[in-house]
Every structure is written in C-alpha cells, then in structure tokens.
Amino acid sequence: MKMSKLFVQTLRENPSDAEVVSHKLLVRAGYIRKLTSGVYNYLPLMWRVLKKIENITREEMDRAGAQELLMPFVQPQELWEESGRWGVYGAELMRLKDRHDRGMCLGPTHEEVITSIARDGLKSYKQLPVNLYQIQSKFRDEIRPRFGLLRGREFIMKDAYSFATNEEDLMKEYQNMAQAYKRIFERCGLETKMVQSDSGAIGGKISHEFMVITDTDAGENDVFYCESCDYAANSNHAVSKLPEVQTDGGFTKKEVVDTPETHSIEALSKFLNIPSSVILKSVLYIADSKPVLALIRADRQVEETKLMNAVLANEIRIAAAGEIEEIMSNHGFNAVAGFIGPNGLGDIKIVADETVKDMKNFVVGINQTDKHLVGANLSDIPEIKEYCDIRLCEAGDFCPQCGKPLKVTRGIEVGNIFQLGTKYSEPMNAVYTDIDGKNKPFIMGCYGIGISRTAAAAVEAHHDEHGITWPVAIAPYHVVIVPVNINDETQMQVAQSMYESLLKEGIEVVLDDRDERAGVKFKDADLIGFPYRITVGKSIAEGLVEFKIRNLEETVKIEPAQAVELLVEKIKEII
RNA sequence: CGGGAUGUAGCGCAGCUUGGUAGCGCACCUCGCUUGGGACGAGGGGGUCGCACGUUCAAAUCGUGUCAUCCCGACCA
C-alpha cells in the first residue's frame with residue numbers, strides 16, 4: 001500500500017471527549033471515528049487490526065473443534081420471552097418494533113437464537129457434543145458508554161455455545177475453550193489472567209474471565225490474585241481469609257449514647273475512640289426497587305454484585321440520602337444516613353455478612369439521628385436470620401487457597417467463559433433424544449471474546465508517548481518504508497524495489513511516498529505503530545538503509561537485501 | 001438518578017459579559033521555497049454557530065425549552 005493512497009488522517013491533537021489512551025490514540029492515528037455515542041466507524045487501519053484478531057480467533061476456535069456460523073443481528077421478542085429474559089434484561093436490550101408492530105431486539109448476545117437452532121437441528125445424543133460460534137456485531141445500550149472501543153454500545157464479539165449431554169462433556173469443553181482462549185490472546189501478543197468471576201446477566205454457575213492486566217482506569221475491573229498459587233478472581237467474586245482484628249468492643253454495658261454529627265464510620269470511630277472493626281455498619285440498598293439492608297463489620301465494604309446475588313435481584317444500587325429518610329419515616333423512625341440500624345425495620349430484607357458473626361459488645365445504629373447503641377451483641381439483633389458473603393476483598397487479605405497475602409490490580413475483561421447448564425435449554429424446551437430414548441435438555445456452555453475490545457486493550461497494553469506499539473500479529477501492516485526525500489531518485493528506487501520484494505514475500509508493507517518532510521513521516525509511523533520501519537536516506541550513498549523496530553530505540557544500518565531477508569524472517573515466525 | 005460544564009469548519013479552540021455581515025491554529029487546495037523527528041511564505045475553499053420557540057429593526061451573543069456530549073457524585077452510614 002502506498003501511504004499517499006492509504007485512507008488515514010492523523011490528528012495532532014487528542015479528541016476532547018477521549019479519556020483513556022487507547023481511545024485517544026486510535027482516534028489520533030486515524031483508526032476510528034465516532035459516529036454517535038458508543039458507536040464507532042472502523043476505518044481501514046482498524047478493520048485490518050480487527051480482521052487479524054478475528055482470524056486468530058477463528059483459527060484457534062476451528063482448531064479446538066468448534067464450527068463457525070452466523071446468526072441474525074435482529075431477533076424476535078418471542079424467543080426472548082421463551083427464555084424469560086425479555087422481562088429481565090433491562091434497558092440495555094435495544095428493543096424495536098417492525099412495521100407490523102412486532103417486538104424485536106438487536107442482539108446483545110445470542111443464547112436464545114443458538115438454543116432455537118440447537119433444538120431444531122440437534123435431535124440425537126449421537127450429534128453431541130458440539131460447539132458453534134460466530135463473529136459478529138453486538139448491540140448493548142449501555143447507560144454510560146465511554147473509553148472508546150472499551151465500552152461501546154456496538155462492538156464486535158466472538159460468541160461460542162457448546163451443547164453436551166452431561167456435565168463431564170461440558171467440563172471438558174470448558175477446559176478446551178480455556179486453552180483455546182489462552183492461545184488466542186497469546187498469539188495476539190497479550191498477557192492475560194484467567195480469573196474466577198460472577199456470571200451476571202448471562203446466568204449459569206461457574207464462569208471465568210480473561211483479563212488484560214493494566215494499571216490504568218481503563219481496566220474497569222479489580223482483580224485479586226495470589227502470587228504463590230494460581231488463585232485469581234474478579235472483585236465481584238473474590239473471597240479471602242481475613243487478617244485478625246479486634247472484634248470485641250469491650251463495652252461492659254449495653255446503652256444508648258449520644259454520637260452527634262457522626263455521619264461516617266470514620267467520625268463515629270473517632271468520636272467513641274474505638275476501631276471501626278467493632279462497629280456494625282448498616283448500609284441501605286435498593287434492589288429491584290425494594291429496600292435491602294446490608295450488615296457488615298464497618299472496617300469492611302459491601303460488594304454489590306455479591307449482595308445482588310444474595311437477594312436474587314437483577315439491579316442494585318445504594319439508597320440515596322432522601323430515600324433513606326423516607327424509608328426510615330415509613331417505619332416510624334427519624335434517622336438520617338449514619339445512624340440507621342437493623343432493628344424495627346419490619347419487612348425490609350436484611351442480609352448480614354459473615355464478618356458480623358464474630359462481633360461482640362459492638363456499636364450499632366438504632367435509627368435515631370445522633371445516637372448509637374454501644375455494647376450490643378448479636379442476640380440484640382434477632383432480625384439476622386443467616387450469614388452470607390457480601391464482602392469486598394482487600395489487598396492484603398489472605399488467599400483462600402494457600403493463605404498468602406492477595407494482591408490487587410486493574411484488568412480489562414477481553415474474554416469470558418460460562419457453564420450455563422440448562423439455564424436456556426430447559427425453559428426453551430431445547431432437548432435431544434438420549435440413548436435411553438428419553439428427551440433431555442442440552443447441557444450448555446457459552447464462551448465470548450470481545451474482538452473490538454481486545455484491539456483497544458492491546459493499545460492500552462502496547463503504547464508509548466509517540467503512539468501505538470502493536471504486537472506484530474495484530475498490527476494493521478508489518479512494515480513502513482520511509483524514503484526521506486522522494487525527489488531523490490536513488491532513495492526512491494531503493495525504497496520501491498524493497499517494497500516490491502517485501503510484497504512478493506507476502507509481507508504487509510506501506511511505502512510512505514508522500515512529499516512530506518521526514519519528521520512528518522516518522523511521527524505518523526510512530527503514531528500508527530508500524531512494528532518495523534525501514535528508512536531510506538543519506539546512508540544510501542554507502543548502500544545502506546536503516547532498520548528500526550518500533551519499540552526499540554536503536555536503528556541498525558544494513559543493506560537493503562539483508563533488511564528484506566531479516567524482515568521476512570522476523571515476521572514469518574509470528575504470522 | 002442528582003450536580004456541574006460544554007455544544008461555533010474534519011480536529012483543537014477563541015468570540016458571548018456590553019446583540020450590529022463569524023475568527024484563530026491544525027488539516028485540505030494552489031504556487032514558491034524546503035526535505036533526517038509534526039518547516040516557512042503567499043493565496044484559497046469549507047461553518048443554517050446542536051435544535052426549537054421567543055425578545056429585538058437586528059441573535060453565535062439575551063430568555064425559555066429541548067437534545068447531545070463530557071466530568072463529578074451516586075457512598076459505605
């Protein structure tokens with residue numbers, strides 16, 4: 001490709017709406033343009049990157065025995081009603097009507113459709129197990145799309161679905177996919193961690209996520225991991241052993257005390273001169289529009305996804321200050337945030353964390369502003385029926401497997417695998433006939449990779465102050481040849497002949513034949529992120545060109561023929 | 001859901017207070033000059049100033065509404 005013809009426009013300045021580096025660089029280097037909120041045009045350079053990630057994914061999925069197909073992007077409401085998700089998926093599901101006023105939606109994921117395909121096409125146990133996948137655009141109407149391709153509304157995803165007759169085969173395929181994923185991300189030049197996670201709206205029991213580890217906020221997930229063993233989990237699922245802390249408040253008598261203006265745990269613990277670990281914290285949440293009171297030892301925080309799962313809700317958020325006062329007054333109390341407690345709340349569901357179990361002679365709110373009860377014990381809170389884990393882990397907690405301290409890092413979720421079981425096959429009556437002649441529901445698994453997000457995550461992981469430093473396997477082109485002065489005949493001749501030699505070898509090469517100053521070409525080359533650069537300049541007088549690897553400082557002067565040979569050798573070993 | 005800010009050329013921004021024929025830098029086109037890390041000079045093209053309604057002789061500028069974008073908060077009791 002000649003640079004003069006390449007459809008690309010680099011920008012000198014960052015777009016004003018971009019926050020994270022992948023978004024900034026992909027726009028500046030001319031890979032993407034926003035069409036509307038959370039929806040992007042993939043320009044030619046981007047499309048090349050995406051196709052490469054797709055192809056690596058495709059090759060590894062095929063190698064793992066999966067079969068590719070393509071399902072429709074638009075789906076009928078009825079199918080979603082069969083699975084029961086039409087009602088529960090929420091506003092993220094982009095719903096529309098056709099001209100006959102029939103309900104449709106844009107596919108955010110394809111469990112319903114694939115299940116309908118399976119129930120029509122897979123009739124016998126002899127056809128199983130099977131794994132079907134597609135690579136396609138998805139649409140999820142996110143509340144707040146941001147971070148460019150990392151959290152768009154429309155994005156490209158590889159989604160695979162496996163069907164089996166029993167748990168062992170599901171487990172086998174699950175492991176098979178985990179291996180395939182590892183290879184896919186490795187080939188893309190990405191370091192990932194496989195972590196345990198909550199299975200969320202997709203449903204199912206066991207699930208893992210593949211995270212690209214990054215220290216920036218672009219990683220929207222916190223990952224807890226152990227360096228001594230293989231434990232790693234998303235914060236929404238991580239468990240830990242707790243360090244010893246004081247859980248006995250030491251109060252010798254139970255009494256209500258004045259605690260003016262202690263709206264926070266910090267203020268309360270300071271006022272009473274006690275550690276926060278002897279305070280029982282009561283946090284009011286709204287789960288599916290119903291109030292839920294979470295109880296936890298106050299040196300700890302509530303993990304909302306765990307709480308949501310504990311009360312079997314689909315949506316959860318902390319109650320606003322006004323809501324708290326309103327709910328309090330509905331129960332005959334006059335209390336503001338900071339002073340609420342579990343007693344006397346009638347029908348409000350109460351969920352107590354396991355950290356509460358060991359507390360003695362502690363401090364707790366009693367739904368009266370500026371007052372707390374000290375010296376309380378669990379017998380004073382008959383409202384607690386059971387304990388469960390709704391606690392957010394912290395770095396320094398101990399590994400649940402080996403007991404060593406856990407570390408925490410940010411991660412970008414680029415892939416996930418779920419064991420669905422019969423979550424979809426049962427309600428949708430997707431059955432096969434088993435060897436005993438009986439109809440049984442498929443045991444399903446599903447496996448996703450965010451193709452466009454993987455590309456963005458690769459930029460997050462591979463860039464410097466000058467631009468993108470793509471891994472060779474997913475770079476839009478492998479090499480750029482820069483003749484410093486296109487009016488110099490020798491330079492142009494050498495550049496042109498190297499260009500042709502590389503093309504003949506199947507190397508993806510761009511010849512920067514623009515009549516620009518060298519600085520412009522170098523800046524663009526760095527920004528776009530060609531992994532290799534050949535500069536044809538002054539040293540051509542000695543018959544040499546410069547060979548430079550994008551993410552290394554030094555350049556090497558070698559003969560053109562050698563440069564071609566070297567490039568072919570280096571690139572062929574990766575692609 | 002609450003608060004704040006911003007919508008002016010493809011991108012980044014000024015102009016708005018005090019209403020009077022819309023500007024700058026980058027990018028784009030032409031010519032000259034230059035050619036090893038985003039040169040320079042001259043000339044040129046491109047914008048219903050987010051949208052609607054209103055005030056006014058006159059609105060980018062004032063008012064009301066609306067839409068969009070971005071940030072912060074959502075809060076840990």
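Residue numbers begin at 1 in each chain, while the letters A, B, ... track the order of the sequences.
- Rounded to an integer number of Å, the gap from A:Ile540 CD1 to B:rU35 P is 19 Å.
- A distance of about 29 Å separates the P atoms of B:rG20 and B:rG4, rounded to the whole Å.
- Both A:Lys538 and A:Val283 lie close to RNA chain B; mapped to their nearest nucleotides by heavy-atom distance, the more 5′-ward contact belongs to A:Lys538.
- Sorted by first and then second residue, the salt bridge (Lys or Arg N to Asp or Glu O under 4.0 Å) pairs involving residues 478-503 of chain A (not counting sequence neighbours) form an empty list.
- Rounded to a whole angstrom, the distance from the C1' atom of B:rA27 to that of B:rG10 is 7 Å.
- Taking the charged nitrogens against the carboxylate oxygens, A:Asp353 and A:Arg300 have no contact shorter than 4.0 Å, which rules out a salt bridge.
- For residues 17-40 of chain A, the pairs satisfying salt bridge (Lys or Arg N to Asp or Glu O under 4.0 Å) are A:Asp17-A:Lys34, with sequence neighbours left out.
- Checked for salt-bridge contact, A:Lys241 and A:Asp397 miss the test: no charged N lies under 4.0 Å from a carboxylate O.
- With B:rA27, B:rG12, B:rG36 as the candidates, the nucleotide lying closest to the side chain of A:Glu13 is B:rG12.
- Separation of the C1' atoms belonging to B:rG63 and B:rG3 is 23 Å when rounded to the nearest angstrom.
- Under the 30°/60° scheme for interplanar angles, the aromatic rings of A:Tyr477 and A:Phe530 are found to be tilted.
- Put simply, the side chain of A:Arg140 never gets that close to the backbone of A:Arg151: no donor and acceptor are under 3.5 Å apart.
- Here, B:rU17 and B:rC31 have their P atoms 43 Å apart, quoted to the whole Å.
- Using Watson-Crick or G-U wobble geometry with both donor-acceptor distances under 3.5 Å, B:rC49 finds no partner in any strand shown.
- Side-chain contact check for A:Phe333 versus A:Gln368: every heavy-atom pair is 4.5 Å or farther apart.
- Applying the side chain to side chain donor-acceptor pair (under 3.5 Å) rule to pairs touching residues 518-532 of chain A yields A:Thr10-A:Asp524, A:Arg514-A:Asp524, sequence neighbours excluded.
- At a non-hydrogen distance threshold of 4.0 Å, A:His263, A:Ser264, A:Ile265, A:Glu266 from residues 258-274 of chain A come into contact with RNA chain B.
- Between A:Val195 and A:Phe224 there is no side-chain heavy-atom pair separated by less than 4.5 Å.
- If you take atom C1' in B:rA14 and the same atom in B:rG7, they sit 14 Å apart, rounded to whole Å.
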Query raised in the report: Where along nucleotides 37-45 of chain B does protein come under 4.0 Å, by heavy atom, of base (B) or sugar-phosphate alone (S), with - for untouched nucleotides?
Result: BBB------
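- Looking at A:Asp488, its side chain has no donor and acceptor atom pair within 3.5 Å of the base of B:rU35.
- Look at the C1' atom in both B:rG2 and B:rU55: the space between them is 32 Å, to the nearest Å.
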Which protein N or O atoms sit under 3.5 Å from an N or O of nucleotides 70-73 of chain B?
| from | atom 1 | to | atom 2 | distance (Å) |
| --- | --- | --- | --- | --- |
| B:rC71 | OP1 | A:Glu19 | OE1 | 2.1 |
| B:rC71 | OP2 | A:Arg144 | NH2 | 3.0 |

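- Pairing partner, B:rG20: B:rC57, with both Watson-Crick or wobble hydrogen-bond distances short of 3.5 Å.
- Note on ring orientation: taking the six-membered ring where Trp is involved, the planes of A:His23 and A:Tyr40 are perpendicular (angle over 60°, cut-offs 30° and 60°).
- Between A:Asn234 and A:Asp222, the side chains place no donor N or O within less than 3.5 Å of an acceptor N or O (distance only, hydrogens not considered).
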